[in-house]
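Sequence positions, counted from 1, serve as the residue numbers for this chain. Just so it is clear, the model here is predicted, and its values are computed rather than measured.
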Amino acid sequence: MEGSFETRKRELEKECVVPSGVFDSSLQRLQAFMQPFLNVFRRCEQTTHATQFVSGLCSDLERKNAESIAYLYDQDRKTIQHFIGESQWDDQALRDELATQVGDQLGETAGVIVFDPSAFPKSGKQSVGVGRQWCGRLGKIDNCQVGVYMAYVSSKGHALVDTQLYLPKEWTEDKKRLKRAGIPKDRQLYRTRHQMCLELLDQHGAKLPHAWVTGDDEFGRPAKFRRQLRERNEHYLLAAPSNTQIRDLRVVSSELPDESTSDMPTSAQRVDKWAAARSDDEWTKIEVRDGEKGPIAIESIKCPVETGWKRYSTLTTEVLVVIRYRNRDSRVIQTDYYLSNAPSDTALAEFCRAAKAHWRIEECIKRGKSQAGLADYEVRNWCGWQHHQTLSLIASWYLTVETRRAEKKGSRHDLQSSSSFDRGHSSYAIAMRYTPRR
């Protein structure tokens, strides 16, 4: 036994050896990768700074801010800081090019567009958009900046596409503060995060082939946002809070009391109470991925429901999808609720695929923060935040491109599950993917 262990250990150690020249060729590929993005810059110094900055974001620096990257390439830190924080160049054009590349390389008709806010804890009051708001990283309301991110997910991979900085109301009502932070006039009006998502969708939706739009319960809560997606002919699967009121349309109408004078039907109930009342045989088990001790499965149920309020003329028919997770002791440890405007005969596996795609944006943001310096900026104004975020999204995309290039393409059932191999559910012929711990 000990001999076989040592043999396997040596094999693993051999696999970990990086051949000489690998990173040199990667830097050469970075130069070619950056060419489509460099057309927006007017001076050769800017193209050099942009390439060096993205390269620095992809490096192993502990803090990937302008100063550290400048020292990495033996540059004057003030030059790089000026390039990020004050130099006038069109960052939106770079993100448009990024969206085009993501759509071309990862695009599939079954793709999913995902929206999610992410907070950056900050001290002080001078940084653009900073304020007391919910910070998921800290798990409480605290001083932070919040960016709304758009990601694209398909069976080929997932990547961040664009972002916008959320400005709290106290910012948009303080003209001096807006001017001091250098916020453009067309961005000074207050916009909700839902409006920002719709703007991103209108801007990039045509470039990203997709079948679904998903988001967390912040986006699934307002009926207005769901209605605006329906008006755009988008199929959505949005998380809903556990206290969302719904009416089960499977209940025979003749058995219901008179509801002509009520705002919400008297048969309405919270989604968590509805789900708790379902018997075990009503749930469908769906295998999501292979685990070390066998297939890992979730339980799901769907139901046509009525949501909204008569008073506000928001009553509409949607599909409620509930997904619950069990631990190894078969105890339910988490239950998620979703609302969708997809046809009620849509397969449960397809709903689960769209719901699972929503979690990919968290992986994208985590990778951006840990590997591409997404949260390592040290700027206070609007220009600096936008520039750093844009180049960080490009760096994150380059890492994704390099990962896809290095991984073997295709899917084989005799190989261990990994992020590069799809797992199809035999009953529904639908791809289920996950990213293992590394």
Side-chain angles (χ1 to χ4, degrees), residues 21-105 128 147 159-165 181-187 203-204 207 368 371-405:
V22 167
F23 297 109
D24 293 337
S25 60
S26 178
L27 292 176
Q28 294 174 2
R29 289 192 297 272
L30 176 62
Q31 296 288 337
F33 168 85
M34 287 295 297
Q35 287 305 313
F37 297 100
L38 300 180
N39 296 328
V40 69
F41 299 106
R42 294 172 292 182
R43 300 196 305 273
C44 61
E45 294 87 352
Q46 291 180 322
T47 62
T48 301
H49 295 331
T51 304
Q52 288 179 341
F53 199 85
V54 172
S55 178
L57 291 172
C58 296
S59 70
D60 58 353
L61 285 173
E62 183 176 357
R63 289 286 297 171
K64 299 178 181 181
N65 51 43
E67 182 176 4
S68 299
I69 294 175
Y71 293 154
L72 176 65
Y73 293 101
D74 198 22
Q75 297 284 335
D76 182 3
R77 65 177 177 83
K78 292 185 177 180
T79 302
I80 302 298
Q81 288 172 339
H82 178 271
F83 170 73
I84 295 297
E86 299 180 38
S87 180
Q88 298 300 312
W89 46 272
D90 187 5
D91 51 82
Q92 184 59 61
L94 296 182
R95 295 196 297 277
D96 289 341
E97 172 64 26
L98 173 60
T100 300
Q101 290 191 19
V102 171
D104 290 343
Q105 298 188 37
V128 59
L160 294 176
V161 175
D162 204 344
T163 182
Q164 289 191 17
L165 178 64
I183 300 175
K185 291 184 178 180
D186 61 340
R187 298 293 182 179
Q203 184 175 0
H204 301 302
K207 307 171 189 173
Q371 299 182 22
L374 193 68
D376 290 346
Y377 56 88
E378 294 181 351
V379 291
R380 290 183 175 181
N381 60 13
W382 172 273
C383 178
W385 193 90
Q386 293 291 133
H387 287 176
H388 184 99
Q389 291 288 303
T390 298
L391 295 177
S392 182
L393 293 183
I394 294 174
S396 184
W397 171 235
Y398 175 69
L399 294 176
T400 300
V401 170
E402 283 290 282
T403 301
R404 294 184 68 238
R405 187 194 67 82

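- Judged as a side-chain hydrogen bond (donor to acceptor under 3.5 Å, both in side chains), the pairs with a partner in residues 47-56 (not counting sequence neighbours) are, in order, Ser55-Tyr73.
- Annotation: side-chain hydrogen bond (donor to acceptor under 3.5 Å, both in side chains) contacts of Ser87 (sequence neighbours excluded): Gln46.
- With Lys64 contributing its side chain and Asp376 its backbone, the two residues share no donor-acceptor pair below 3.5 Å.
- When all heavy atoms of Gly368 and Ser392 are compared, the closest pair comes out as O-OG, 4.3 Å.
- In this structure, the side chain of His388 engages the main chain of Gly373 through a donor-acceptor pair within 3.5 Å.
- Around CG of Asp74, the count of heavy atoms belonging to other residues, nucleotides or ligands within 6.0 Å does not exceed 12.
- The CG atom of Leu374 sits 7.0 Å away from atom CG of Leu160, with the distance rounded to the nearest 0.5 Å.
- In this structure a side-chain-to-backbone donor-acceptor pair under 3.5 Å is present from Trp89 to Phe83.
- Of the possible donor and acceptor atoms, none in the side chain of Gln105 sits under 3.5 Å from a partner among the backbone N and O of Gly103.
- At most 12 non-hydrogen atoms from other residues, nucleotides or ligands lie less than 6.0 angstrom from CZ of Arg42.
- For the pair Thr403 (side chain) and Leu399 (backbone), a donor-acceptor distance under 3.5 Å is present.
- Partner of Phe53 under the side-chain contact (heavy atoms from CB on, under 4.5 Å) criterion, out of Ile69, Leu72, Ile394: Ile69 alone.
- Between atom CG of residue Asn65 and atom CD1 of residue Ile80 there is a gap of 11.5 Å, rounded to the nearest 0.5 Å.
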Take Val40 and Asp91 through the side chain to side chain contact (heavy atoms under 4.5 Å, CB included) test and state the conclusion after the steps.
CA-CA 8 Å; Val40 69; Asp91 51 82; over 6 Å; no
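- Interatomic distance, Leu94 CG to Gln386 CD, rounded to the nearest 0.5 Å: 11.5 Å.
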Carefully, step by step, assess Phe33 and Gln101 under the rule side chain to side chain contact (heavy atoms under 4.5 Å, CB included).
CA-CA 11 Å; Phe33 168 85; Gln101 290 191 19; 4.0 Å; yes
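- Judged by distance alone, the side chains of Gln203 and Asp96 do bring a donor and an acceptor atom under 3.5 Å apart.
- Within a 6.0 Å radius of CG in Asp60, no more than 12 heavy atoms belonging to other residues, nucleotides or ligands are found.
- Going from atom OH of Tyr398 over to atom CZ of Arg29 covers 5.5 Å, rounded to the nearest 0.5 Å.
- If you take CD on Gln389 and OH on Tyr377, they are separated by 6.0 Å, rounding to the nearest 0.5 Å.
- Using a distance-only test at 3.5 Å, with no hydrogens or angles considered, no donor-acceptor pair links the side chain of Thr163 to the main chain of Gly147.
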Would Leu165 and Trp382 count as a side chain to side chain contact (heavy atoms under 4.5 Å, CB included) if you check the C-alpha gap in whole Å, the side-chain angles of each, and the deciding distance to 0.1 Å?
CA-CA 9 Å; Leu165 178 64; Trp382 172 273; 4.1 Å; yes
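- Taking all atoms of both residues into account, the shortest heavy-atom contact from Gly56 to Leu61 is O-CD1, 4.1 Å.
- Between the side chain of Asp162 and the main chain of His204, no donor-acceptor pair closer than 3.5 Å is present.
- In this structure, the ring of Phe37 has its center no less than 6.0 angstrom from the ring center of Phe41.
- Separation of atoms CG (Leu391) and OG (Ser396) is listed at 12.5 Å; rounding is to 0.5 Å.
- You'll find the side chain of Glu86 stays beyond 4.5 Å of the side chain of Gln81, heavy atoms only.
- Side-chain atoms of Gln35 and Gln31 form no donor-acceptor pair, as typed in the model, at a separation below 3.5 Å.
- Side chains of Thr390 and Arg95: a donor-acceptor N/O pair is present below 3.5 angstrom, by distance only.
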